[in-house]
Protein chains: 2
Amino acid sequence: MVEPGENQATIAESLKSLGLTKYEALVYIALVRVAGATATEIHELSGVPRASVYPVLDRLIQKNLVSVSNTSPKRFNPVRPDEGVDSLMKSIESDAVFAREGLNRIYLECAHLERGDQELIWSIYGEENIRIRLLDLISNATESIRIFFYWGGLRKQIIQVLEEKKNSVSIEVVTDHWEGEIPESMNIWIKKPPRGHDIGPAKSLGGGVFLVDGSKAMVIMGSEEEGTSALYSEARGFVRFFTVYWNFFSSWARKKSQ
Amino acid sequence: MVEPGENQATIAESLKSLGLTKYEALVYIALVRVAGATATEIHELSGVPRASVYPVLDRLIQKNLVSVSNTSPKRFNPVRPDEGVDSLMKSIESDAVFAREGLNRIYLECAHLERGDQELIWSIYGEENIRIRLLDLISNATESIRIFFYWGGLRKQIIQVLEEKKNSVSIEVVTDHWEGEIPESMNIWIKKPPRGHDIGPAKSLGGGVFLVDGSKAMVIMGSEEEGTSALYSEARGFVRFFTVYWNFFSSWARKKSQ
DNA sequence: TAAATGTTGTTATAGCAAAAACAACATGAG
DNA sequence: CTCATGTTGTTTTTGCTATAACAACATTTA
């Protein structure tokens, strides 16, 4: 019924990222379980030291998550959880809007201070971050997209974005697998990965090279052991290197298919 | 141009409620101001101790708010502020959804544990909280609404809710002022507040009594000095007391108008 | 070239504030 | 009186903040 611990702890974690402390989360959850409990009951339900319950409840009352009765002993009631969470979210969201606007203004004002950004090579860690950057890169392409792709993740999402761009930019892809039908307006070569690309100490290694408009390059290296990381650059040398790389493998792919 | 301090501090505060620490916020803001800065430049811009900049940047990288170049010295780049804030919000929001669902399930499962809730009187502090509860109370009325209202706040919102209910429940209101046209389906008496209601030590004191379906009562007491607080109850005695109170003043209002 | 200087990235450690945990005491109802 | 409540104060812990020191490397100057 009221399944214990496991789930409860997770909810507490979630509440913490909404700005509550551990105790505030535990007390609130306890109160949701038995509305109208006394301080001592809350203490027993939540495991929070009895003396700590009072200041914690005070804070929850301030945050409009709890109300008090004027009986003796006092009893406490949670606001309906959906209302409570929503009201927390609303306040966070308004902060987010404020921060976004302020930062964006600063960002735009200072955009002119570009300092040879184009000459640098940026490292990106974490699949999520890479995903965002990569899709951003592809969907902002104006002329050409060249992809050399031997990696499991992101395949579907990339294909989806390419579908959207297929009529406005030139697309060429070398990969080992394609999901769905291949559109006529793209040049796709399906190839098993070349030898040398799955050798090495890594259990599962994959890679992808993305060239956009001949001026931007993103390279993804994924291994199960060390996580995924990527490089991005608009630097001449970097782009040229991977353009050569891509030319080599795309011609390899063409030959072998003939 | 780049207006200083004042605004930045506020943005930093907002970022903190999105889960960043003070330093993380300051460093990120500095980076938005000059993208591609070195650690030392960030230190100078943000006021964060140079040695602290490194671990802070590590955390920001983990949170996908910053990427690194592999030059020497390293240079750092912020993700576009709107993307950054959005990605923070997204993660918070997913926590919120999770918490809301989990809590709501617990709440509904445990609803049967009602422990004579109806006999208690609940205190509610803070205008915002009172507002939510009051509007919730009124809009869930099924039979009757009786209001005795001598208070500035909330007038418009209450009227709005009443407009929506005017055809489904019986509405009677005694107050000192009405905004807009008085609908025919409501019984409204406009009266200056009775003597005794604005006496006392408080500079600006106001009150409101709300009786719903003859079984729920909410009483609001507002004073500029001590803030606003409210009582809510479904307790027999409490409701009866304020029903008598309301009967008395509504008959007073009727008489004087004839 | 060699010594002096400065910068970067790292590590260690002390300080601090909020939260957590505990202990002691006053109160009030039965 | 006795028990549970509500309050207060103190200690411990925790995570962020702040400072100092260091090795590695680059730059300057003699």
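A note on names: the letters A, B, ... follow the listed sequences, proteins ahead of strands, and every chain is numbered from 1. Values in this document were obtained by computation on a predicted structure and should not be read as measured data.
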What pairs with A:S123 under side-chain contact (heavy atoms from CB on, under 4.5 Å), at least two apart in sequence or on another chain?
A:Y125, A:L231, B:N70
Please work out if B:S52 contacts a base, only the sugar-phosphate, or nothing of the nucleic acid, heavy-atom cut-off 4.0 Å.
base
Give the rounded distance in Å between these two atoms: NZ of B:K74 and P of C:dG9.
6 Å
Strictly by side chain to side chain donor-acceptor pair (under 3.5 Å), give each pair with a member in residues 51-64 of chain B just once, sequence neighbours left out.
A:N129-B:N64, B:E24-B:R59, B:E24-B:K63
What residues form a side-chain hydrogen bond (donor to acceptor under 3.5 Å, both in side chains) with A:R131, not counting sequence neighbours?
A:E128, A:Q157
Could I get the full list of side-chain hydrogen bond (donor to acceptor under 3.5 Å, both in side chains) partners for A:R80, not counting sequence neighbours?
A:D82
Can you list everything that forms a side-chain contact (heavy atoms from CB on, under 4.5 Å) with A:S215? Sequence neighbours excluded, please.
A:D213
If we ignore hydrogens and angles and just use 3.5 Å, is the side chain of A:N140 paired with the main-chain N or O of A:D136 as donor and acceptor?
yes
If the sugar-phosphate is the primed atoms plus P, OP1 and OP2 and the base is the rest, what is the B/S/- string for nucleotides 9-14 of chain D, using protein heavy atoms under 4.0 Å?
------
Contacts of A:K216 that satisfy side-chain hydrogen bond (donor to acceptor under 3.5 Å, both in side chains) - sequence neighbours left out:
none
B:R240: which residues meet the side-chain hydrogen bond (donor to acceptor under 3.5 Å, both in side chains) condition with it, sequence neighbours left out?
none
Output a table of nitrogen or oxygen pairs between the protein and nucleotides 25-30 of chain C separated by less than 3.5 Å.
none

